[in-house]
Number of protein chains: 2
Amino acid sequence: MENSKYLIIYNDIVEKIEKAEYEPNAKLPSENELMQMYDVSRDTVRKALLRLEQNGYIQKIKGKGSFVLDINKFDFQVSGLISFKELASKMGGSVQTIVEELEVVKPDKYLQKQLQISEQDEVWKIVRARKIKDKRIILDKDFILKRVADGFTKEICQNSIYEYIENVLGLKISFAKKEIVVKNATDEDKRYLDLDGYDVVVVVKNYVYLEDMTLFQYTESRHRPDKFKFIDFARRHK
Amino acid sequence: MENSKYLIIYNDIVEKIEKAEYEPNAKLPSENELMQMYDVSRDTVRKALLRLEQNGYIQKIKGKGSFVLDINKFDFQVSGLISFKELASKMGGSVQTIVEELEVVKPDKYLQKQLQISEQDEVWKIVRARKIKDKRIILDKDFILKRVADGFTKEICQNSIYEYIENVLGLKISFAKKEIVVKNATDEDKRYLDLDGYDVVVVVKNYVYLEDMTLFQYTESRHRPDKFKFIDFARRHK
DNA sequence: TAGTGGTCTAGACCACTTT
DNA sequence: AAGTGGTCTAGACCACTAA
């Protein structure tokens, strides 16, 4: 995968931070020391540190050094592009996926707009309910352009769609635009989720793009409001 | 500030993209051409392009070039660390701030935990209602460590707290952790907001840190659910 | 094959913090 | 004064895309 030196260094330091080998608030070795430790140029060290800083692992302070942040230990990280499967593995066992619908459809007007496609284009429609501790908490509705990604089965959907797309199909996901809003619960929400009396759901709309800038997937994640939590790490650069 | 070459180039290209001088999906000049245009080294050009990519302005494709993304034109950008004042200026006139409370308080247990301080520490408590089109839509509750930032007046709060903190006090905000959840509306919410029948609010908790890693501000933004929208741009790098 | 972005190097000077 | 991170340079080689 990642043979570049700076990514190896990045991953190595991430691991050390997560194992608390570098403790919160501790000072990392200086750039000079890291150069010697990994036997690379300063620029390569700096590339690794830049990524650590951007992902919220460290804070660099001019004249002082790089320090480990502890705010990155999120109990329920949903930020970035993490998938339910990745999330589940961080949360331990008690999660489960139920595939409710899996079919190829012609897009209606709404979907044509979301995916910026014509009515001729075929789309995979995948609806999954997510159980946490035996309660249906999240309803995931995925719409995927058939001409870009095809061959979905119930097994794949029960496992991880992303894993299939990235590892089996070899497609490279580049970025996503995410939108969070609150909507009144629909009949579909009430049918598939244990809403526990709530009449609204938190809707996370996700527009996923490939490396060549094509939009190929639109996802709606509909959450029971009391179980929803979104965490974001933001750096301020004007 | 903005004396560094790569930031000047970055800002210049941002401006050109926002003015559509570089149109959506168009190809930017190559790194070689940009080197000549700005008379800098390739590394300096690449630093500018890296920031453009990370902020969702462009997509770089190996062997092809850098292309302008159009998804960055958010009608209601709340991502990152943008403040209400900045937001308002993007939305035009029809917004208004009402300062409901402004006082120095001793932190209660909850606040001691949020700001990681002792009960001796004094804290500025600032409560503001935000009107959009004459409806009270957002309730901002700011808690700021007095020993770090002091001297708040009604005028400052009506204008922009961030502007005061950054430009007048000269403090440098470095990063923030943001948390979005949905809560049942409190009596305070009902008193200060036009909730229009809704019995929940979207709560955005914001923990703001300075460059020296000190946590100095905790903010709760409480939104009427139907008027809330959060947009995020996320790049996937494993 | 020519052009593009991705990685890596070695060296320089600066501004800031600490001693 | 010594150490730290921030910026900038010039040059090299690679992998990918296009003609």
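Lettering follows sequence order; numbering is per chain, from 1. Please read these numbers as outputs of a predicted model, since none were measured by experiment.
- Not counting sequence neighbours, the partners of B:Glu31 by the side-chain hydrogen bond (donor to acceptor under 3.5 Å, both in side chains) test are B:Arg42, B:Arg46, B:Lys60.
- The distance between atom CG of B:Asn32 and atom P of C:dG6, rounded to the nearest whole Å, is 13 Å.
- The side chain of A:Tyr6 contributes no N or O atom lying less than 4.0 Å from OP1 or OP2 of C:dC8.
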Dump every N/O contact between nucleotides 13-17 of chain C and the protein below 3.5 Å, one line per pair.
none

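- Summarising the geometry, the separation between CZ on A:Arg51 and C1' on C:dG6 is reported as 12 Å, rounded to the nearest angstrom.
- Here the P atom of nucleotide D:dG5 and the CG atom of A:Leu52 are 13 Å apart, to the nearest Å.
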Can you list, pair by pair, the side-chain donor-acceptor contacts under 3.5 Å of residues 20-27 of chain B, counting residues two or more places apart and other chains?
none

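- Here D:dT7 presents its P atom at 14 Å from CG of A:Leu49, a figure rounded to the nearest Å.
- In the set C:dT7, D:dG5, C:dT4, C:dT4 carries the atom at the smallest distance from any side-chain atom of B:Glu33.
- Under 4.0 Å is where a charged nitrogen must lie from a carboxylate oxygen, and between A:Asp140 and A:Arg222 no such pair does.
- B:Phe67 places its CZ atom 17 Å from the P atom of C:dG3, with the value rounded to the nearest Å.
- An OP1 or OP2 oxygen of D:dG3 is reached within less than 4.0 angstrom by no side-chain nitrogen or oxygen of A:Ser30.
- When the nucleotides D:dC8, D:dG5, C:dC8 are ranked by their closest atom to the side chain of B:Lys5, D:dC8 comes out on top.
- Within the 4.0 Å cut-off from OP1 or OP2 of C:dG6, at least one side-chain nitrogen or oxygen of B:Arg46 is found.
- Atom-to-atom, NZ of B:Lys47 to P of D:dG6 comes out at 9 Å; the value is rounded to the nearest Å.
- Judged as a side chain to side chain contact (heavy atoms under 4.5 Å, CB included), and not counting sequence neighbours, the contacts of A:Glu155 are A:Thr153.
- In this structure, A:Thr44 reaches the C:dT9 phosphate: one of its side-chain N or O atoms is under 4.0 Å from OP1 or OP2.
- Applying the side chain to side chain contact (heavy atoms under 4.5 Å, CB included) test to B:Glu122 and every residue at least two apart in sequence or in another chain returns B:Val104, B:Lys106, B:Lys146.
- For the pair A:Gln36 CD and D:dT4 C1', the interatomic distance rounds to 14 Å; values are reported in whole Å.
- Side-chain proximity of B:Lys60 to the nucleotides C:dG5, C:dC8, D:dT7 is greatest for C:dG5.
- Separation of the B:Phe216 and B:Tyr209 ring centroids does not fall under the 6.0 Å cut-off.
- Under the side-chain hydrogen bond (donor to acceptor under 3.5 Å, both in side chains) criterion, A:Glu211 pairs with no residue at all, not counting sequence neighbours.
- Rounded to a whole Å, the CG atom of A:Asp43 is 11 Å from the C1' atom of D:dT7.
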